[in-house]
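Quick note: residue numbers are just sequence positions, from 1. Everything numeric here is computed off the predicted structure, so don't read it as measured data.
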Amino acid sequence: MMDANFASQLILILTSAVLFYVAANDLRELKIRNELLIVLTVLFFAHALVSGRWVQLHWNIGLAVISFIVMLSWYGQGLMGGGDLKLLTVALLWTGTRCVLPFLVIMVGVALLHALLGYLGWIRVQHVQNRMKVAFAPSIAAGLIGVFMLGCLRPIH
């Protein structure tokens with residue numbers, strides 16, 4: 001029988017690999033595939049089950065739903081893409097209220113660095129209606145992987 005701590009870590013490693021793929025794909029194509037978002041969501045529920053975090057599930061789901069509703073208005077204003085909206089919602093599902101602050105700090109720091117590199121012309125960006133568009137999935141992925149590495153989602157025993 002597999003140890004719960006080992007299973008939890010294995011799921012985090014697998015999730016990190018999927019996040020790397022999502023980020024690389026978004027950098028290349030500026031698209032985030034829905035199938036990958038479903039995989040990340042299934043991995044979240046598997047992790048919640050094996051890590052004992054299912055007892056806090058209502059907080060994670062609540063944060064994700066409220067955030068989705070707020071970000072939907074940003075999407076409607078053209079401030080973020082639909083894939084980014086969905087990926088960020090899934091990431092907030094993972095972090096819950098307990099790990100949201102370190103996630104946001106890492107994500108915003110990486111996003112600012114990414115925007116600066118785009119402004120300097122060192123990475124590919126799109127220019128739409130006098131605005132620069134950069135892939136946001138790498139920043140979201142970095143934030144979530146950073147939370148994993150900080151140990152914020154350790155199993156509850």
Side-chain angles (χ1 to χ4, degrees), residues 2-75 79-118 123 133-157:
M2 191 180 307
D3 175 62
N5 191 37
F6 178 76
S8 171
Q9 293 300 317
L10 191 60
I11 291 169
L12 293 179
I13 291 167
L14 185 56
T15 302
S16 297
V18 174
L19 286 166
F20 271 115
Y21 181 79
V22 168
N25 194 54
D26 194 32
L27 279 171
R28 233 181 2 265
E29 301 173 17
L30 292 174
K31 292 196 184 291
I32 300 170
R33 294 179 28 212
N34 287 334
E35 303 84 40
L36 296 172
L37 296 170
I38 292 168
V39 168
L40 291 170
T41 303
V42 168
L43 287 168
F44 163 75
F45 284 107
H47 182 265
L49 184 65
V50 300
S51 69
R53 296 206 165 275
W54 59 268
V55 297
Q56 299 172 340
L57 210 52
H58 60 286
W59 290 109
N60 294 57
I61 292 171
L63 176 66
V65 168
I66 290 168
S67 299
F68 178 79
I69 292 168
V70 170
M71 292 184 297
L72 203 53
S73 69
W74 300 342
Y75 170 73
L79 299 175
M80 72 185 312
D84 299 329
L85 167 69
K86 293 179 280 188
L87 179 60
L88 191 50
T89 300
V90 172
L92 291 169
L93 179 66
W94 269 93
T95 65
T97 57
R98 184 169 175 268
C99 302
V100 70
L101 187 58
F103 165 73
L104 291 174
V105 169
I106 296 167
M107 182 191 70
V108 169
V110 173
L112 289 173
L113 178 62
H114 194 175
L116 176 64
L117 294 175
I123 60 170
K133 286 179 66 174
V134 296
F136 195 41
S139 302
I140 298 168
L144 194 51
I145 292 169
V147 165
F148 296 168
M149 293 174 66
L150 289 173
C152 193
L153 297 174
R154 283 189 206 115
I156 298 173
H157 296 293

Please report the shortest heavy-atom distance between [X] and [Y], naming the atom on each side.
X	Y	result
Leu63	Thr97	CD2-N, 3.9 Å
Val110	Pro138	CG1-O, 4.4 Å
Val90	Leu37	CG2-O, 4.3 Å

To the nearest 0.5 Å, tell me how far [X] [atom1] sits from [Y] [atom2].
X	Y	atom1	atom2	result
Met80	Leu87	CE	CG	9.0 Å
Phe45	Leu49	CZ	CG	11.0 Å
Leu12	Leu153	CG	CG	6.5 Å
Trp74	Leu88	CH2	CG	8.0 Å
Ile32	Tyr21	CD1	OH	12.5 Å
Ile145	Leu150	CD1	CG	12.0 Å

Excluding sequence neighbours, so at least two apart, what forms ring-ring contact (aromatic ring centres under 6.0 Å, His included) with Phe148?
Trp94

For side chain to side chain contact (heavy atoms under 4.5 Å, CB included), just list the numbers for Val42 and Val39, CA-CA rounded to whole Å, side-chain angles, deciding distance to a tenth of an Å, and then say yes or no.
CA-CA 5 Å; Val42 168; Val39 168; 5.8 Å; no

Mind checking what makes side chain to side chain donor-acceptor pair (under 3.5 Å) contact with Glu29, not counting sequence neighbours?
none

Using side chain to side chain contact (heavy atoms under 4.5 Å, CB included), reason through Met107 and Phe136 one step at a time and then give a plain yes or no.
CA-CA 9 Å; Met107 182 191 70; Phe136 195 41; 3.9 Å; yes

Just so I know, are the side chains of His47 and Ser8 near enough to count as touching, which here means a heavy-atom distance under 4.5 Å?
yes

Within the 4.5 Å heavy-atom criterion, are Asp84 and Asp26 side-chain neighbours or not?
yes

Applying side chain to side chain contact (heavy atoms under 4.5 Å, CB included), run through Leu93 and Thr89 and close with a yes or a no.
CA-CA 6 Å; Leu93 179 66; Thr89 300; 5.9 Å; no

Audit row: Phe103, Ile140, side chain to side chain contact (heavy atoms under 4.5 Å, CB included) steps and yes/no:
CA-CA 8 Å; Phe103 165 73; Ile140 298 168; 4.2 Å; yes

Looking at Ala64, is its backbone amide N or carbonyl O close enough to the side chain of Ser67 to form a donor-acceptor pair, meaning the two atoms are under 3.5 Å apart?
no

Give a yes or no on whether the backbone of Arg154 and the side-chain of Arg53 come within a donor-acceptor separation of less than 3.5 Å.
yes

